[in-house]
Novice: 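Pasting a structure here, questions to come.
Only a predicted model underlies this, so the values are computations on that prediction, with no experimental measurement involved. For the numbers below, each heavy atom of this structure counts, side chains included, while hydrogens, waters and symmetry mates do not. So that the names make sense, note that chain A is the first sequence line, chain B the second, and so on, each numbered from 1.
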Amino acid sequence: MQLHQVTLEENRPKLLIAPRAQIILSFYVTPPQVQFIELESFFSLAHSRIQFLRTIEGWRAQKFTPSEMDVRIAKLEAEEQYAPLRDPENDLISHYILTLAYAQRQELRNFVLGNELALFGSRLRRASEREKIRFGEFLDASGLQFQHPDDVEFALISTALKRMEEIRMLNQGRKAAEAPPVIRSRYYKVPWQQCPEMVSRRNCFLWRGSLYLIQEELPALLVPIFRTLLSRRLACNQRALPSLELADDRLARLLGSLANAHLGNDYRSAALIQGVTARNIDLHCRDSFPPCMRRMFSKLRETHHLKHTGRMQLGLFLKGAGLSLEDSMQVWREELTRVVGDKFDKEYAYNIRHNYGLEGKRVNYSPYSCAKLIPTLPGTGEYHGCPFRYMERDELLEFLKSAQCGLSDAQAHNVLEPLFRKGEPKHYHVACRAFWHALHGADPTTDEPIVHPNQFFELSYRARHDKTGPQQQQQQQQTGGATATATTSGDPAARKD
Amino acid sequence: MSVPDELLKAYYAQIFPCDDIASWLSHGDSSLFYKRELSYNKKDNVIRYLSYRDGPTFRASLVSKCPDKIDIGPIMSHPPCERSSVEPGCFVDHQREFIMDIDLTDYNDIRGCCKGAAICERCWPLANFAVTVLDRALREDFGFTDILWAFSGRRGVHCWVCDESARKMSNDHRKALVDYLEVIKGSKVHLPPVLPPCLQRADEQVDNFFADHVLPVMDVLNNPPAREKLLSFIPDEELRASLLGAWTAEEEVTTSAQKWEQLCAECASPSRSRQKWTLDRAIRDIRWYCCYPRLDANVSMIMKHLLKSPFCVHPGTGLVSIPLSARHINDFKPWLATAGPVLTSSSTESAGSLMAKLAKQQAAAPAVTTEAAQPQAPRRVPGVDLPWFECPPSIWDVCTLTVQQGNLPPDVAFEQTPLRDHIRYFRALIARFQHNSGFHPAPPFDNLGEFDEAPYLLLHPDQQPRETVTVGGPALPIRHPEEEEAATVQAATSTWYSKEDEDEEDEEDEDGDGRRPRRTSDDIEELELARPRPHKVKKEQA
Ligand code: SF4
Ligand SMILES: [Zn+2]
């Protein structure tokens, strides 16, 4: 393992652990000092961390407040499956592997940056809240040196600092007289550009270009620093990776597989799912499609056509759901030729093969995630995008209760509840999860939020598969074609029996 | 009125300080001027993405294109004139002074005296006050030192903060700075219940300006639209109605100061003691609304914004955008400025054919731009009949006095004009900016190599490099019979910098603790007031 090759940072002490709290706080400036690490553990550490960050990503998408986030992350850290990550050394190693493996592509870099930042921020808040770490030590250890104001200037500004303290007390609903004495060593002097947010809010004393922060305010400062450091490291790794891969092709393969697979979650291919065919696809649609795909698929069946974006979104979803190229061709040809006739073979077939990476740039395209679907709004005669986003309340109700979804009135209302809470943004993922619940009469087996239509499908597929057992499933699929159109309304949970 | 092309051409050829502008905009690195975006306005045409290698080529283009207006943009990654050869996406802005634009039209709802572009002695001091407040905040809070203020040519002032750290600010930093300075947004006053030291300092300035100018001179409370707007800050419906009724009845009978006293007394009356907290805040908001600078935030927040060059001639008024001094801003009285050709007996006699022609052209044009400059008012030329820093000269003043003497080279010609001292002052300022930027201490985060953008920290006052720059050139010849006045001006100019330096030091000590002794008791009162009821206030806001 030649990790040191890609580390362009100097050696610096980097860790400070609050022992009782088990909160690891690190800028990760020093690469891990490992001589030898088994590929096995390398992979499993990286895997755990990716899982961990994916969970955080889902929460971020749901826009939890920082304190809600903290509670969740703390709980997640305590989970048994993440026990290895609680070791500081492993924390460091897994972080490093991720910054290596995910350095090559922009979206992966953003994934690491956004979620690592959220994790760091949460750890920082928890650590400082419980006052279990001493900031001076942490700062010294991380190579950041903040100055204390010197005696002369401190004498000049201490009255103003006192006033800031008093205001802080008043804002907390306490008395101005309770303000702690102004002591020089409690203050750190920081150039204002390091923390523009504090300048905007005027809640910290600014004098001659310096902010005078007290210890408790330093966390606000460390997050931007962490962001800078991490994005730099990712940029460095991006440049250094090709040479590293040359040096060790085993490592290269591993990193590559980590990055490419996104641990199987980009649903480029559906290795886990078998038996989705042109014949039983309607049954799967009834049982397991998320609302967005239901809408597109049923519109395809109904009107024998879909506009381009819809064909893209549905086509890739079907590929991710395990429909083979041949079956895909069959489904699309069946419908589209009724409207476009011969043009199908000339124009549309190309697009389908393109989706499967057999034409053009020959890229195996990955299906769209919710994040990509949600912003696409359909025009007239188009049905793509996320119904939770583009439909009004009444339209949604009708849609959910229609044959396309087949929910009861109560279920439909349940699903819509997270979308129309007063004063809150629409929680699409929560609604989608509620829809999943309505379909299955139970929650998905994992806590992960639903962030991808194929994830919705896979979770559903697996739930049914495990429940009914492979054979029954098989049978159901064989007979399913006939019954698929028969039972379209009523409680779908009841249908399973 | 528009400025005749001949006149502009003569101005650009002989007087406009191209070399100084180039040296200012290059901030010590002459290659930067070539990367600076300039833009010309000619009638309604805008020519953007111009750039020139140095002062002389800049002058040549000015003379040939003769623009009505010159705007200055950011320093780009590549010379803007070569941008077609740069890959798209690579041509980006690199550096930009932090700029601010204050325009009196933003104060229209409280100035009853003038409409639109006009200014007078009642409303202009608002702009001067804005300069005072903002200059202080920029220097004391942000530690900037290289600040250039300029008259916009008609009804506003521009600010250029040229410190290196200011030039290298990202748009995020600019936004933070604007948020910090901005209090009045969309006709609301955004102040926290208890003022932090920086706002306390401004509050004191506001207090004084309100008492010294807004009430006695602007007479706001006798201006019905303004009065209504101001009263709307008072939350108590009944009080508001009763005051409005009383004041409308005795419109001109009582002064604004008396009305204000009445308002304060009403608010302080024991029967309203339960509302005292909110009423006090309303009174404070009214004061701030009348005085505090109103910025055009978009100009400041986005690097790409263009801003008019100093020494440009305003096409509407013919006045020159002269640099101002924040320290002497209260002496600046642009409403005294007159435009139109100078036709004193002596100058008419000796004027050459050009001036005769111009005089004829201008005879038809109105010779007045601002309200105060009534035709019968005695004509006064800044730098001749007025101390030079009091008032912007018009292009007619500037050119009449030179053109008579034929084609002088640019570095001599300006000496003969009313712009002489403005250009000298500008030169001295630039020299000082460049001197300052030569003394940047090392970034404090030396050991954190990752922070390219790490700003420098200002040195402690004791370590601050001492000013050594003084106004260049020999002692100024005294040209006016009123020797005394001119002598004062000269004294002011030649000792400008050393004096300013000492002042600054005193001032800093005084402000260091954030308040003056006079205010201490008030402060305590305010805190006292705040103490028992923070919760209640929050509820009221909700
Ligand atoms: S939340 Fe995602 S999976 Fe659910 S309907 Fe919307 S886009 Fe489809
Ligand atoms: Zn006026």
Novice: Is any side-chain heavy atom of A:Met164 less than 4.5 Å from a side-chain heavy atom of B:Pro197?
Specialist: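 Yes, at least one pair of side-chain atoms sits under 4.5 Å.
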Novice: Can you give me the closest heavy-atom contact between A:Arg202 and B:Leu181, atom names plus distance?
Specialist: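 It is NH2-C, 4.4 Å.
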Novice: With side chain to side chain contact (heavy atoms under 4.5 Å, CB included) as the test, would you mind laying out the steps for A:Trp192 and B:Leu177 before giving the verdict?
Specialist: CA-CA 10 Å; A:Trp192 73 268; B:Leu177 217 163; 4.0 Å; yes
Novice: Kindly compute the distance separating CZ (B:Phe142) from CD (A:Gln193), expressed to the nearest 0.5 Å.
Specialist: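 Going from the CZ atom of B:Phe142 to the CD atom of A:Gln193 covers 9.0 Å.
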Novice: Nearest 0.5 Å please: distance from the SG atom of B:Cys198 over to the CZ atom of A:Phe205.
Specialist: 8.0 Å
Novice: Where on B:Leu199 is there a heavy atom nearer than 4.5 Å to chain A: the side chain, the backbone, both, or neither?
Specialist: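 B:Leu199 touches chain A through side-chain heavy atoms alone.
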Novice: Count the heavy atoms belonging to other residues, nucleotides or ligands that lie under 6.0 Å from NZ of B:Lys185, then report whether that count exceeds 12.
Specialist: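 Counting neighbours around NZ of B:Lys185, more than 12 heavy atoms of other residues, nucleotides or ligands fall under 6.0 Å, so yes.
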Novice: How close do B:Asp141 and A:Leu206 get, counting heavy atoms only, and between which atoms?
Specialist: O-CG, 3.2 Å
Novice: Grab the two heavy atoms, one from B:Val194 and one from A:Arg163, that are nearest each other, plus how far apart they are.
Specialist: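 Residues B:Val194 and A:Arg163, closest heavy atoms: CG1-NH2, 3.4 Å.
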Novice: Might you point out which heavy atoms bring B:Ala176 and A:Pro196 nearest each other, and give the distance in Å?
Specialist: CB-O, 3.4 Å
